**Student:** 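Quick one: the structure is below, and I'll ask about it shortly.
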Amino acid sequence: MKNTSIKLFSVMLKNSFFFMLLLVSLGSKAQSPIVVNSLKELLPYLEKSNVKVKLKPGVYTISAKDIQKGNFPATSGEKNIANVLFLFSGNNSEYDFTKVTVNVKTEVLSAFTTPKGELYEVQVIGNNNVIKNLKLVDDGSVHDAPKRRATNIVMDGKSNRIEGFHITTRGSYPYGYGEAFGKGGKNVISHRKHSAFLVRGYKNHAKNDTIIHQSYGHAIFMQAADWPTIEGCYVQGAMRSTDEMWKEEGKGTDADNIGFVTAFGYKLPKGYMMCLGEEGIRAYNGGETTIDGVEYKRGTSNPTILNCTVKNMRAGVTLTHATGKKYVASTTAIGCERGFCIGTGDIVNCFADTQHGPALGVDYPSDKGMKAEITLLPYEGKSYNGSGHAAIIVGSNHKITLRNSVKNADQNLKINIGGDNRTIGMLAKDENYPASNIELHNETNYPVVLDDNSKNCTGESVGVVVDNGVNNQIVKR
């Protein structure tokens, strides 16, 4: 009886061991990605849920001929207003593009004939998807513009993450002037923009993505996005001085043909450096998005920006038009026309230089309650800060700390509290705003100028203080 029990226990152990091996084997197979060997094989998987897919490493090219042959049908995730090359419509799936480069010839930007000539290279409309490590290159001339508009990446749906992408954006019209001749409804040269990355939807996440931006349009922007997160991203644009633009005089270029008269109603001023694109990271107060097949019209709310770097863009981070909780931390703006501008909310442990414009701005006198901690960085080469501002502070009830990493601050650049809110797009007379109840701790030796429409401001400054306001108590230490 005893021997029988021992044998039975031994058999049970053996069977249990093999059963566990079977479970491990099945689990391993369940986790193994499906490997596809071409873009044609990939496309059907983009609408599937609960799949893991890996595209074979290599270089893939999409040309106008592919569009004409119907290899990338004119699909769209939103009322057929855009053509989409890669439409991710499934849920809970993961797509791995490690060591994959997709070259989209810039001729593709204008290759579609329907519906309205707008192109999204990648759009996500499903939920809980992870798409990672794709190198996406617009291959061709910066002047190969879309018929209407183009965007490399559009994120809708909810709880999606696009991670580790490397995007090179090219192809827009005009390219070479930035916003000087128009950016929205009022243009003196018609525009066909090409932006890089549009975040919409709910709790979508752009993580550790790189954008090399050689196009007129935004790098990363948010519309109709609730609780979006932009984390660990690097954006690099290109700058051109207005002096250089004036060298086109008499050469029959777009700017020359309109006499260099800007969309602001006056001739292009010299002495400014302008980004040839638009914002590095920007939020809008309008837009449309699709979540679970339902369309929403709304603004952007509760954006979080973490550990990003923006170089040579119109602004580093602009969140003025977002609502709710706005939080920017450990982010750096280098060589931008403006560093940070969020209206209300928190800027924590951030960095910016003043080479091409102010490190900090506030757009409207209605903006209030911003808390900002920014270290002002040194820069190499000539200053092209035509506005003359190291910072522009208007509105009320802000608490601002400017820390120092500059040995010899340019005394021609002022930390303005109230008054002139001028940038490249405005003359001094156009915007002159009040400031009140500002608490400033200026640990730099940039000078502080309190305008005659400033009042009840307090704090201290290492730099000299010029007070033309009322009841201010910012003291030089």
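Everything numeric here is computed off the predicted structure, so don't read it as measured data. Positions are given from 1 along the sequence.
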**Student:** With rounding to the nearest 0.5 Å, note down the distance linking NZ in Lys132 to CZ in Arg161.
**Tutor:** 7.5 Å

**Student:** Just checking, is any N or O donor in the side chain of Ser454 or Asn472 under 3.5 Å from an acceptor N or O on the other one?
**Tutor:** yes

**Student:** Quickly, which of Glu121, His194, Gln214 forms a side chain to side chain contact (heavy atoms under 4.5 Å, CB included) with Thr169? Name it, please.
**Tutor:** His194

**Student:** Taking Glu118 first and then Arg148, would you say they form a salt bridge - that is, a charged N and a carboxylate O separated by under 4.0 Å?
**Tutor:**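 Looking at Arg148 together with Glu118, the answer is yes, because their closest N to O distance falls below 4.0 Å.
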
**Student:** Who are the salt bridge (charged side-chain N to carboxylate O under 4.0 Å, His left out) partners of Asp96, not counting sequence neighbours?
**Tutor:**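 By the salt bridge (charged side-chain N to carboxylate O under 4.0 Å, His left out) rule, Asp96 matches Lys54.
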
**Student:** Do we see a donor-acceptor contact under 3.5 Å between the side chains of Asp156 and Thr290?
**Tutor:**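 Result is no, nothing qualifies.
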
**Student:** Within the side chain of Ser215, is there an N or O that forms a donor-acceptor pair under 3.5 Å with the backbone of Gly217?
**Tutor:**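 It does not hold such a pair.
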
**Student:** Charged N to carboxylate O under 4.0 angstrom, Lys325 versus Asp346?
**Tutor:** no

**Student:** State, without any angle test, whether Asp138 and Asn152 hold a side-chain donor-acceptor pair at a distance under 3.5 Å.
**Tutor:** yes

**Student:** Is there a side-chain contact between Arg338 and Leu360, using heavy atoms and a 4.5 Å cut-off?
**Tutor:** no

**Student:** Between the main-chain N or O of Gly164 and the side-chain N or O of Asp209, is there a donor-acceptor pair closer than 3.5 Å?
**Tutor:** yes

**Student:** Determine whether the side chains of His143 and Ser141 contain a donor N or O and an acceptor N or O closer than 3.5 Å.
**Tutor:** no

**Student:** Can you list the residues that meet the side-chain contact (heavy atoms from CB on, under 4.5 Å) rule with Asn187, with sequence neighbours excluded?
**Tutor:** His191

**Student:** Identify, with sequence neighbours excluded, every residue that meets side-chain hydrogen bond (donor to acceptor under 3.5 Å, both in side chains) alongside Asp451.
**Tutor:**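 By the side-chain hydrogen bond (donor to acceptor under 3.5 Å, both in side chains) rule, Asp451 matches no residue at all.
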
**Student:** Rounded at 0.5 Å granularity, tell me how far CD1 in Ile211 sits from CD1 in Ile220.
**Tutor:** 4.0 Å

**Student:** Report yes or no: do Thr444 and Asn442 form a side-chain donor-acceptor pair below 3.5 Å?
**Tutor:**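 Looking only at side-chain atoms, Asn442 and Thr444 do form a donor-acceptor pair, the distance falling under 3.5 Å.
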
**Student:** Please identify which of these residues, Glu337, His356, His218, Glu279, meets the side-chain hydrogen bond (donor to acceptor under 3.5 Å, both in side chains) condition with Arg314.
**Tutor:**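 Running side-chain hydrogen bond (donor to acceptor under 3.5 Å, both in side chains) over Glu337, His356, His218, Glu279 with Arg314 returns exactly one hit, Glu279.
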
**Student:** Rounded to the nearest 0.5 Å, how far does CG of Asn129 lie from CG of Asn160?
**Tutor:** 5.0 Å

**Student:** Regarding Thr354 and Tyr446, do their side chains bring together a donor and an acceptor under 3.5 Å, going by distance alone?
**Tutor:** yes

**Student:** When the aromatic ring centroids of Trp246 and Phe260 are compared, is their separation below 6.0 Å?
**Tutor:**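 Yes, close enough.
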
**Student:** State whether Tyr284 and Arg282 meet the cation-pi test: NZ (Lys) or CZ (Arg) under 6.0 Å from the six-membered ring centroid, and within 45° of the perpendicular axis.
**Tutor:** yes

**Student:** Give a yes or no on whether a salt bridge exists between Lys193 and Glu278, defined as a side-chain N under 4.0 angstrom from a carboxylate O.
**Tutor:** yes

**Student:** Would you please say whether a donor-acceptor pair under 3.5 Å links the side chains of Asn456 and Thr458?
**Tutor:** no

**Student:** What's the verdict on side-chain contact (heavy atoms from CB on, under 4.5 Å) for Asn127 and Asp292, showing C-alpha distance, side-chain angles and the deciding distance?
**Tutor:** CA-CA 8 Å; Asn127 305 322; Asp292 292 324; 2.5 Å; yes

**Student:** Restricting to pairs with a member in residues 371-382, which pass side-chain hydrogen bond (donor to acceptor under 3.5 Å, both in side chains), not counting sequence neighbours?
**Tutor:** none

**Student:** Measure the spacing between NE2 of His398 and CD1 of Ile393 and express it to the nearest 0.5 Å.
**Tutor:** 8.0 Å

**Student:** CG of Asn208 to CG of Asn133: how many Å apart, nearest 0.5 Å?
**Tutor:**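 Here the rounded value is 9.5 Å.
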
**Student:** Under a 3.5 Å cutoff, is there a donor and acceptor pairing between the side chains of Asn128 and Asn91?
**Tutor:** no

**Student:** Would you please say whether a donor-acceptor pair under 3.5 Å links the side chains of His441 and Glu439?
**Tutor:**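 There is such a pair between these side chains.
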
**Student:** How would you list, by chain and number, every residue that makes a salt bridge (charged side-chain N to carboxylate O under 4.0 Å, His left out) with Lys105, sequence neighbours excluded?
**Tutor:**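 Residues passing salt bridge (charged side-chain N to carboxylate O under 4.0 Å, His left out) with Lys105: Asp139.
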
**Student:** When you check the side-chain N and O atoms of His213 and Gln236, is any donor under 3.5 Å from an acceptor?
**Tutor:** no

**Student:** When you check the side-chain N and O atoms of Asp226 and Ser301, is any donor under 3.5 Å from an acceptor?
**Tutor:**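 Yes.
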
**Student:** Roughly how far, to the nearest 0.5 Å, is the CD1 atom of Ile125 from the OG1 atom of Thr289?
**Tutor:**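 Interatomic distance, Thr289 OG1 to Ile125 CD1, rounded to 0.5 Å: 10.0 Å.
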
**Student:** Met222 and side chain to side chain contact (heavy atoms under 4.5 Å, CB included): which single residue from Leu198, Asn204, Val199 fits?
**Tutor:** Val199

**Student:** May I ask you to decide if Val235's main-chain N or O and Lys311's side chain share a donor-acceptor pair within less than 3.5 Å?
**Tutor:** no

**Student:** Do Arg200 side-chain atoms and Gln223 backbone N/O form a donor-acceptor pair below 3.5 Å?
**Tutor:** no

**Student:** Could I get the full list of salt bridge (charged side-chain N to carboxylate O under 4.0 Å, His left out) partners for Lys183, not counting sequence neighbours?
**Tutor:**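 Checked Lys183 against salt bridge (charged side-chain N to carboxylate O under 4.0 Å, His left out); matches are Glu179.
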
**Student:** Cut-off 3.5 Å, side chains only: do Glu248 and Tyr177 have a donor facing an acceptor?
**Tutor:** yes

